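Some notes on the structure that comes next.
Note that this is a predicted model, so its numbers are computed, not measured. Computed from heavy atoms alone, side chains included, the values below leave out hydrogens, waters and symmetry copies.
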Amino acid sequence: MNKFILLCAVYSACLSVVGNYVNVNVPKPYMDEIFHVPQAQKFCVGNYTEWDPKITTLPGLYLISVGIVTPLNTVTKVLTGETPDLGSCTTVNLRSQNVVFGMLNFVLLYCLTGQLHGEKENYKDSLALLSSLNLSLLPVLFFFNFLYYTDTVSTTMVLLMYSLFLSERHGLSSLAGLLSVLCRQTNIVWVFFVAGLAAGQLLAEQIYIHQAKTKHPPTLALTTYGQIVELVSGTLRLATSNPPEFAKIVGLIITKCFGFILVGVGFLVFVKLNNGIVVGDRSAHEAVIHLPQILYFLIFCGGLMFPYVLQHIKNFPSFAARNFLFIAISGILLAAIVHYNTMGHPYLLADNRHFTFYIWRKFFLRHWSLKFVLVPAYIIAAFCITNTLQKSQLMFRILFPVCLILSLAPQALLEFRYFIIPFILCRLQVKPASLSKLLAEFTFLVAINAATLYLFLHRPF
């Protein structure tokens, strides 16, 4: 506990120092802050009817800001007798709220690491602290702790939802899920993910109990495929042989997931009334089928998790030799996806203040063939990440790929911020067991963040 408090103090101090340095050097709203800050300021003075049509997300971020600012304004009014103005919702004050949520993300990541791995053999709290710090230093997330964007608070709500689920507090978890959707609509996918974990784990437990009582005990299949087959066959066997018992299990699932179901139904009603998911700027945020997003994520995830995936690369040649036909077909399919489904969103080359601008311009647009060069890297990254997650729970291994596709494939724009939540959920599955790997990861992340902040503050565009 003393180590945790000490690291919290050090990390919060670092966030405060960097946040102050950003505010001194970039005092005015930057990039999308030109939309978010004025909108929040309108909410701060009670103007809830005026809406900027360029804002695509629901007003969760602004409502949270109002929830923080309003009590302070009330105290100010009582003490001074003056009606508060926009001074309480300055760019600096709004950014500072994200710094606080950045600190909360570290705390939640530490809690989640303990919840996921705390009962495992040789679990060490000191390694869990370093692992949680590394996750907090995820470059995209860390950078946006210092700007008034939705990413930090959106991540907080998803992590809170996941943590409450692991604590068996499903009602509160669904409430956190609702708040996450209010911050960013695409978080409905992660609400579905957590609800699926809750339903799947309950179903699996009941199926295994039923199998133990019958002539079909669990076979303890070791592979993911074998476990899925066992679960499906057990479910079908129970549904056909004992319908009342199966109906009882369905009822238990509905009861357990009722809060998540309400969030899902509410979201569907919103989509119907809103005629779509996004609130504004609809022409630039139309849902598409953009499968290369999954491939970009694999490279992003594999690159940032390199200390943990490198150990699996040495096994790839033997795997490829044993499964040559599978690798060949996969390569052909991925090449076809890259050729026919690669998209360049207009926003991608419209703003040179994003890393993706330079990646797209300097690499993908340099020559038509370069986009195919990465196909082997996509396959190797998928192999390594799959093996890294092999020890995670079955329902996670089933649901995560599905939700990853649902979250990223409809997005036409290549934007690393969309990768934050799936990356964190993926990385959380890695048990903190090696100090050398954690230190290598820490050094790598600090170097990226330092370079990013240096370019942002001292080489402005």
Can you tell me if Thr386 and Arg397 form a side-chain donor-acceptor pair at under 3.5 Å? no
For Val140, which of Phe416, Phe423, Tyr418, Phe419 qualifies under side chain to side chain contact (heavy atoms under 4.5 Å, CB included)? Phe416
SG proximity flag Cys301/Cys426, limit 2.5 angstrom: no
Any Tyr30 side-chain heavy atom under 4.5 Å of Val22 side chain: no
Check for me whether the distance between the ring centres of Phe396 and Phe400 falls short of 6.0 Å. yes
Please list all pairs passing the side-chain hydrogen bond (donor to acceptor under 3.5 Å, both in side chains) test where one or both residues lie in residues 134-145, with sequence neighbours left out. Asn134-Glu441, Asn145-Thr152
Around Phe363, counting heavy atoms of other residues, nucleotides and ligands shown, do more than 12 lie under 6.0 Å from its CZ? yes
Please table the atom pairs, donor to acceptor, closer than 3.5 Å between any side-chain atom in residues 368-378 and protein atoms at least two apart or in another chain.
from   : atom 1 : to     : atom 2 : distance (Å)
Ser369 : OG     : His367 : ND1    : 2.7

Any chance the side chains of Tyr148 and Asn93 put a donor and an acceptor closer than 3.5 Å? no
Angle class for the Phe444/Phe306 ring planes (parallel below 30°, perpendicular above 60°, tilted otherwise)? perpendicular
Would you say the side chain of Tyr162 lies within less than 4.5 Å of the side chain of Leu108, judging by non-hydrogen atoms? no
Is the terminal nitrogen or CZ of Arg417 (NZ for Lys, CZ for Arg) located under 6.0 angstrom from the six-membered ring centre of Tyr149 and within 45° of that ring's axis? no
Is any side-chain N of the basic residue among Asp151 and Arg184 closer than 4.0 Å to the acidic one's carboxylate O? yes
CZ (Phe192) with more than 12 external heavy atoms under 6.0 Å: no
